[in-house]
Amino acid sequence: MTDPSLRSWVAAANDAACDFPIQNLPYGVFSVGGQAPRCGVAIGDMILDLGDCEARGLLDAQGAFGRPALNDFIEQGRGTWDDIRAKMTALLAEDGDRSLPLVPMADATLHLPIRVSEFTDFYASKNHAFNVGVLFRGPDNALPPQWTHMPIGYNGRASSVVVSGTPIHRPMGQAKGDNGPVWTASRRLDLELELGAIVGANSQMGQRISVADAEDMIFGYVLLNDWSARDIQAWEYQPLGPFQAKALGTTISPWIVTQAALEPFRSAGAERDNPLLPYLQEDRPGFYDLTLGWTMNGTRMAQTNYNVMYYSSAQQLAHHAVSGCPMRVGDLLGTGTISGPTLDQTGALLEMTQGGKSPVRVGGAERTFIEDGDEVALYGYAQGNGYRIGFGPCIGKILPAQE
Ligand code: CA
């Protein structure tokens with residue numbers, strides 16, 4: 001249970017605008033100097049060194065916290081997650097242990113928090129699916145007939161998932177020219193504002209997963225930018241879906257905000273157009289009241305909320321396994337672009353500029369798509385009473401194509 005009045009002896013954690021109060025305690029992997037990466041938790045402007053805590057006997061995760069990814073800790077299951085969270089809360093509270101090993105976040109390098117087992121990306125905002133469908137296929141065929149009946153997704157690549165701060169090169173590829181294909185640097189490079197759910201338990205081949213069990217299997221969430229080359233996408237995506245347009249890189253935030261920290265912000269999602277088949281029905285709200293937005297070169301471009309979405313991560317996970325596909329600890333499930341109904345709530349430039357037809361202001365400049373040198377930052381937080389559960393930034397800068 002979250003106590004909104006709880007405060008920490010780490011002073012910066014008590015600032016109401018801080019992303020990392022004692023009610024949050026998101027997990028990541030960090031290093032300082034030339035030392036090996038290990039697990040940590042963000043608190044205020046500091047990182048609690050979990051590897052050192054474990055070496056001192058303050059926490060017990062069977063040695064997992066000394067490792068360069070959280071997978072071995074996560075695999076120990078919800079009992080361990082809850083136990084460690086309760087112990088960390090006690091250690092960091094005002095009457096806690098002031099001799100804890102803390103590292104200033106400003107001195108640390110943040111790494112990918114998990115070994116990403118596999119990456120699947122979904123398409124669960126009805127506003128986004130409709131808007132993009134209009135641009136690609138016209139208004140009559142915008143929303144495919146199955147869309148309101150099941151989560152649509154594709155199997156992406158784990159190998160191209162990178163941590164916030166990693167530069168991304170504009171991709172080269174095939175696009176449609178006036179007389180057949182052209183070899184080009186993408187001219188319609190875009191972002192996609194998403195959340196990524198981190199699967200925290202394994203399932204077996206042939207095992208279906210109920211929505212309730214799927215929710216129990218989710219360890220937490222990261223911000224996720226699914227960079228997309230729209231010109232490459234438009235030429236390649238039929239009939240099997242996006243391929244190279246989405247393989248140039250996917251950026252995630254370094255901190256995993258746990259389901260436990262988000263629990264007080266549980267929310268209903270978008271209104272349903274029709275009842276779902278029983279295997280996708282959920283008996284309690286599966287979304288969070290979570291403000292999400294993005295900036296370009298420091299200018300705020302759009303802001304929306306996770307609760308505009310039509311399918312929750314638990315529904316997506318249940319659907320992913322419905323054929324018996326086994327799921328693994330460290331699987332990353334992208335929610336799909338999160339867009340509200342208006343242009344200042346859109347999670348992609350494709351929608352915001354209506355396919356590049358209406359440029360938008362970015363500070364003193366104009367943009368239709370992303371230009372070389374542009375930096376896109378995602379942000380997200382749930383607003384509590386006197387505190388907020390933040391994700392920290394998820395940043396990527398676009399570098400010129402490698403021709
Ligand atoms: Ca996407």
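A quick note: this is a predicted structure, and the numbers were derived from the prediction, not measured. In listed order, ligands and their atoms are each counted from 1.
- In terms of distance to the Ca ion (ligand 1), the nearest N, O or S atom of Glu194 is named OE2.
- Taking the ring centroids of Tyr288 and Tyr221, they lie under the 6.0 Å cut-off.
- No more than 12 heavy atoms of other residues, nucleotides or ligands lie within 6.0 Å of CZ in Phe243, so this atom counts as exposed by the packing criterion.
- No cation-pi contact links Arg137 to Tyr237, judged by a cut-off of 6.0 Å to the six-membered ring centre and 45° from its axis.
- Taking the Ca ion (ligand 1) as the apex, the angle formed with OE1 of Glu192 and OD2 of Asp226 is 80°, to the nearest 10 degrees.
- For Asp121, the N/O/S atom at the shortest distance from the Ca ion (ligand 1) is named OD2.
- Under 4.0 Å is where a charged nitrogen must lie from a carboxylate oxygen, and between Lys176 and Asp231 no such pair does.
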